[in-house]
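Counting from 1, the numbers follow the sequence of the chain as shown.
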Amino acid sequence: MGRDVPALTFTREDRRRYRIKMQECLDTFAQMLRESRFEAERPQVGLEIELNLVDDRAEPAMRNTDVLEAIADPAWDTELGRFNLEINVPARRLTAGGPDSWESEIRAALNHAEERARPIGARLIMTGILPTLRQEDVGAGALSENPRYRLLNDQIFAARGEDLRIEVTGIDRLRTYADSITPEAACTSTQFHLQVSPEQFAGYWNAAQAIAGVQVALAANSPFLFGKELWHETRIPLFEQATDTRPEEIKVQGVRPRVWFGERWITSVFDLFEENLRYFPALLPLCDEQNPAETLERGDIPELGELTLHNGTIYRWNRPVYAVAQDRPHVRVENRVLPAGPTVADTLANGAFYYGLTRALVEEDRPVWSRMSFSAAEDNLRTAARYGIDARLYWPGMGEVPASELVLRRLLPLAHRGLERSGMDDAWREPLLGVIEQRCVTGRNGAVWQKEMFHHIEASAHCGRHEALRLMTRQYIDYMHLNAPVHTWPVE
């Protein structure tokens, strides 16, 4: 939910008007889909990366306002916590500029931000959860200054009526309560965007759902939270719980959570926006002045403001996006399952695997989602988040197999094929997907390195748990700047 909103109190009339406007937006969207008014000739990909700010000791630095002012670049924005930032990398064609252009662009932007942040006592780190974060760092005072975060916090707790319960059991067990949504700020992710035609959207969304567990198994990077060793990708259960508007009595009635995998394969992008209206009450009932039907009738492109704002408060792991760019509407899949980091090299390898594999799956004669239950895809995500690259995942025709075996034997060749069909030649594909291959061969990703390095430091330095996490995080930052893929990082 990236839109700036004012600080205010909502009335029953606000909510009634918003419900009407959302239905008008949905009806207009359906008309646009029927009339094929969408940009599809020059599809693009996009990338958002959320980062944490730390001080010289690798502890959280609550300085995002100061750092943003120092960076002075509109591509950067605040995130929920004062120790968070986000960069929106400009959209591009997948094969534009040559093999190194996207990596060079991203690294240049991150290095510029790092240079501007250092003089004011902050550094940037790409990781799924900041290992040195303590529970006292995520109180209500850690919310970013933008009023939209306070308003969102107030609306979630008004709907919930009680404190948030957070419980995750891994190597250790975490059981705690929170009186704000700020624990969500611990979750920092990478979001891949893929623009597609409305006709292709259902296939790409279904494919993204089918491989979500595989993505997380390969790229898990969030094993620690509040000093406890939990799941390999603890960010998944934390995000689900930290934005839950449902008290226990509502959960047992079957009300859907706002962080949601979904419950079925779809046949149209319309299905997802319709579900949004059917299942989820508005958190931020702010009405635009634009009349979507009248705007479309006179030949202009409606923003569908209420529809998109509501969509931004429903946190699907693969989210539909409607947007208008250069006076042309488009739809895209926003892939949200992956943590940030560890390096730009790892991030782009993850992106190549995702973009290539989804294309190959969409173009198969018998799509995977016609051979796999939706619940199996959801179970894969849960299993991968808990066990990371050691997870055993289900895949049609193979049964339940180790994630690495599934990727090496079946999915990596498909990813190569999909990228080749997208116009990416061997010289570009091999280094990117080679990173994925070597993660599988070595059994090492960000979560594995963090866990091994933490235990190595704890044993060799004879220090307390937080100090070991702090020293591990400092080493992580040094390796991150070298940009060598995480499977090559030593533990020493």
When you compare the side chains of Arg92 and Ser101, does any donor N or O come within less than 3.5 Å of an acceptor on the partner? yes

Would Phe374 and Trp265 count as a ring pair (Phe, Tyr, Trp, His ring centres under 6.0 Å) here? Give the steps. CA-CA 7 Å; Phe374 194 86; Trp265 306 117; 4.9 Å; yes

Salt-bridge present (Glu167, Arg165; N to O < 4.0 Å): yes

State the OG1-CH2 distance between Thr358 and Trp205, to the nearest 0.5 angstrom. 14.0 Å

Quick one, Cys287 and Asp14 - any side-chain contact, counting heavy atoms below 4.5 Å? no

Do NZ/NE/NH1/NH2 and the carboxylate oxygens of Arg63 and Asp55 come within less than 4.0 Å? no

Enter the distance from Ile71:CD1 to Leu110:CG here, rounded to the nearest 0.5 Å. 9.0 Å

By the definition salt bridge (Lys or Arg N to Asp or Glu O under 4.0 Å), identify the one residue from Arg382, Arg316, Arg235, Arg258 that meets it with Glu240. Arg382

Report the C-alpha distance between Glu263 and Arg256 in whole Å, list the side-chain angles of each, state the deciding distance to 0.1 Å, and finish with yes or no for salt bridge (Lys or Arg N to Asp or Glu O under 4.0 Å). CA-CA 10 Å; Glu263 59 192 17; Arg256 281 83 172 172; 2.9 Å; yes

How long is the straight-line distance from CG of Leu85 back to CG of Asp77, given to the nearest 0.5 Å? 8.5 Å

Do any pairs count as a salt bridge (Lys or Arg N to Asp or Glu O under 4.0 Å) and have a residue in residues 136-145, sequence neighbours left out, and if so which ones? Arg82-Glu145

Going by heavy atoms in the side chains, are Asn335 and Leu194 under 4.5 Å from each other? no

Any salt bridge linking Arg465 with Asp172? Criterion: basic side-chain nitrogen under 4.0 Å from a carboxylate oxygen. yes

Hydrogens and angles aside, do Asn221 and Tyr476 bring a side-chain donor and acceptor to less than 3.5 Å of each other? yes

Looking at side-chain heavy atoms only, is the closest gap between Glu48 and Glu86 below 4.5 Å? yes

Test your reading of the model: is there a side-chain donor-acceptor pair from Thr132 to the backbone of Ala58, 3.5 Å cut-off? yes

Can you find a pair of side-chain heavy atoms, one from Asn318 and one from Arg336, that are under 4.5 Å apart? no

Separation between OH of Tyr354 and OH of Tyr204, rounded to the nearest 0.5 Å: 9.5 Å

Going by distance alone, is a donor N or O of one side chain under 3.5 Å from an acceptor N or O of the other, for Arg439 and Asn350? yes

In short, salt bridge (Lys or Arg N to Asp or Glu O under 4.0 Å) pairs touching residues 121-131 with sequence neighbours left out are Glu114-Arg123

Hey, mind stepping through Arg15 and Glu13 against salt bridge (Lys or Arg N to Asp or Glu O under 4.0 Å) and telling me if it holds? CA-CA 5 Å; Arg15 296 186 180 279; Glu13 174 65 16; over 6 Å; no

Exam field: side chain Asn153 to backbone Thr182, donor-acceptor pair closer than 3.5 Å: no

Can you tell if the side chain of Val331 reaches within under 4.5 Å of the side chain of Pro320, non-hydrogen atoms only? no

Have a look at Tyr315 and tell me which of Phe261, Trp260, Phe239 forms a ring pair (Phe, Tyr, Trp, His ring centres under 6.0 Å) with it. Phe239

Rounded to the nearest 0.5 Å, what separates atom CZ in Phe454 from atom CG in Leu469? 5.0 Å

Do Gln191 and Glu50 have side-chain N/O donor and acceptor atoms under 3.5 Å apart? yes

Can you tell me how far NE2 of His462 sits from CD of Glu467, rounded to the nearest 0.5 angstrom? 14.0 Å

Do the side-chain N and O atoms of Thr343 and Asp346 include a donor-acceptor pair separated by under 3.5 angstrom? yes

Side chain Lys21, main chain Asp288, donor-acceptor under 3.5 Å: yes

Indicate whether the side chain of His455 and that of Glu229 have a donor and an acceptor atom separated by less than 3.5 Å. yes

Can His466 and Glu59 be counted as having a side-chain donor-acceptor contact under 3.5 angstrom? yes

Any chance you could lay out the salt bridge (Lys or Arg N to Asp or Glu O under 4.0 Å) test for Glu233 and Arg386, step after step, and finish with the verdict? CA-CA 6 Å; Glu233 191 50 41; Arg386 182 157 195 162; over 6 Å; no

Evaluate the criterion side-chain contact (heavy atoms from CB on, under 4.5 Å) for residue pair Leu130 and Thr473; output intermediate values, then yes/no. CA-CA 8 Å; Leu130 179 61; Thr473 304; 4.2 Å; yes

Could you go through the salt bridge (Lys or Arg N to Asp or Glu O under 4.0 Å) check for Arg116 and Asp73 one step at a time? CA-CA 11 Å; Arg116 294 298 183 92; Asp73 184 337; over 6 Å; no

Going by atom types only, do Thr78 and Asn64 share a side-chain donor-acceptor pair under 3.5 Å? no

